[in-house]
Structures are given as C-alpha cells and as structure tokens.
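As structure tokens, the structure follows; a few thoughts come after it.
Excluded from the calculations below are hydrogen atoms, water molecules and symmetry mates; all remaining heavy atoms, backbone and side chain alike, are included. In the text below, chain A, chain B and the rest are named by the order of the sequence lines, each starting its count at 1. Computed from a prediction, not measured in an experiment: that's the story for all the values here.
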There are 2 protein chains.
Amino acid sequence: MNMTLKTSLAACGLSAGLAFAAVAQASDIEDAIHYRQSALSVIGWHIGPLGAMAQGDIDYDAEEFAHRADNLAFLASLPWEGFVEGSLRGDGHGIDTDALAVIADDWDDFESRQQTLIEKTAELAELAQGDDFGAMRQQVAAVADTCRGCHDNYRAD
Amino acid sequence: MNMTLKTSLAACGLSAGLAFAAVAQASDIEDAIHYRQSALSVIGWHIGPLGAMAQGDIDYDAEEFAHRADNLAFLASLPWEGFVEGSLRGDGHGIDTDALAVIADDWDDFESRQQTLIEKTAELAELAQGDDFGAMRQQVAAVADTCRGCHDNYRAD
C-alpha cells in the first residue's frame, strides 16, 4: 500500500517523504514560499468580489458576499506558516520572494498584523450574516487596509 | 473613501474594478487559472504532513493531523470555480495550463470527482477527531487516490 500511497500523494502536489516539521533544505524553503504566495493569492481572489460590491462595481449579492466572507475568514490564518526561517529576501539559496528581511526583526508586529487580519475577516463574516450593507462596506475597507498596511511595511514594491 | 479602498484592495491582490461575474477577457482567464493553481497548491501543502504521518515518515501528531484535515475539508471546495470557460488547454489566448480540454467534454464526471474530494476530506476531518489511526491512514489514501484519479484523467503529464 505504501508505494501506492506515495504515488497518489505525489499527485496531490507534494512528496510524502518530506519532513514538514523541520524546514531546512533549500527545496523546503522554496515550497514554503510557494505555499504562502499561493495562499495569499487565494485570499486575493476571494476579496476581489467583496471589494467590487463594496465599491458598487458589481451589485451586492447577499449569498455571494457571505460565502466569500466565510472563505476569507477561514483563509486568513493559513499563509503565515509559510514564513519559515531562511525564506526572506537576502536569506540566500537564490530565493525569489518579495518578503522583506525586516519581517524577522519585527516578528511581533508581523504576527500582530496576522491576528488583525484574522479578527477583521471574522468580523466581516459575521456582518455578512446580517443586512447592514453600510457596515459590511466599512469592514471590507478595514480588511483591505490590513492587507495594505502589511504590504507597505513588509513587501518589496 | 473609494480611492483609498481601491488602493487597499489592490494591495490584497486584485483590482476591485474587475467584473467577477463575467469571466471573458484574457486577463480574467489568466487570473482564474492562477487562482485554481494556487488553491490546489495550498491543498497539496496541507495534505503533505497527513501523507507523511500516514506513511510513518513523521510521527503521528493528533492535533496537527486534525488541524490539517480540517483545512483540507474546507479547501476541497475552493479550486473549482477557477475552471472557467476558455481556460483549458487549447482554448487560445496563449494560456499556460495543464488542465486538459477533455474536462469540458466530461464536465459531469469532473464535477462528480470534485464532490468526491469534498466528501472524502470531510470524512477524514471527522475521523481525525477520533483515535482510530488505522482508519485515518486508509482515508488519507482514499483522498490521495482522488487527487490521482482526477490528475490521471484531466491533467497533462
């Protein structure tokens, strides 16, 4: 069974032979960078329609809004485990990332901003269950400001 | 406020001016492909440690296993909206994708496989709440086989 499982797991995107607890090799670091970039892209996809509704570019659709907001609230906690040691700009290994080295120096602030995103998206998902679209619009802006605040500080232009 | 929101939303990864309901332009198709590839990569990241535990490459950690299984169960429904019209191999626009054109012909089967992944990951998350590690291992294999089945049929080698 193990060989079959190995083959099937490879189809899922990763070798099952990797030791995930200890990220040390260059390939592990590249995987972590690819993971966090992917998770952040998925977040971007789901916030897109929320922003478009908040701005009036597309009509407000309560079901769609709530669904996207739920997704965001879940996704907000995912990317951060990809910021492993040795994965920031200038850490060597020829890594390709916009994540600035200052993240390591400001780790507490970086974690605090992650927590803010988690909280603000949870609030958005809760608001999306109600009917106060004005409050939803304001909360979309608060979520978007959280994205921007982190990027302004920690992402290369 | 709108200009500020637009700037902040851009930081979240997408222009808020896009019309998400109607995917028609080449750039929209590229965004959809990037989204589904990102979502599938995120799935791969989370199944990795589950496979490693199932194979005995790393020690079973109940909390870690349950957390990854919960993530998988949530993520399993996400990638599919990225398979928009015009986004398969050979659909033109110079698109770069491994998703075979036959998906369009076999759409019912493709959707059925999505549903299977959603169900099997939900079962895994439920099993992960218990203490039958043998059943968890079997279910990881079932999830991995689901990945492989779809890739064998619908993804270019």
Check whether B:N71 gets within reach of chain A through its side chain, its backbone, both or neither, counting any heavy atom under 4.5 Å.
-> both
Heavy-atom pairs under 4.5 Å with chain A, option from B:A144, B:G82, B:C147 with the top count | B:A144
Cluster link B:F83 to B:L100, ILVMFWY, side chain under 4.5 Å = yes
NZ/NE/NH1/NH2 to OD/OE distance under 4.0 Å, B:R68 and A:E81 | yes
When the 4.5 angstrom heavy-atom criterion is applied to B:D59 and chain A, the contacting part is neither
Side chain, backbone, both or neither: which part of A:L50 has a heavy atom under 4.5 Å from chain B?
-> neither
Spatial distance of atom CD1 (B:I118) from atom CG (B:L72) [nearest 0.5 Å] | 12.0 Å
Assess the pair A:Y35 and B:H46: is the distance between their ring centroids shorter than 6.0 Å?
-> yes
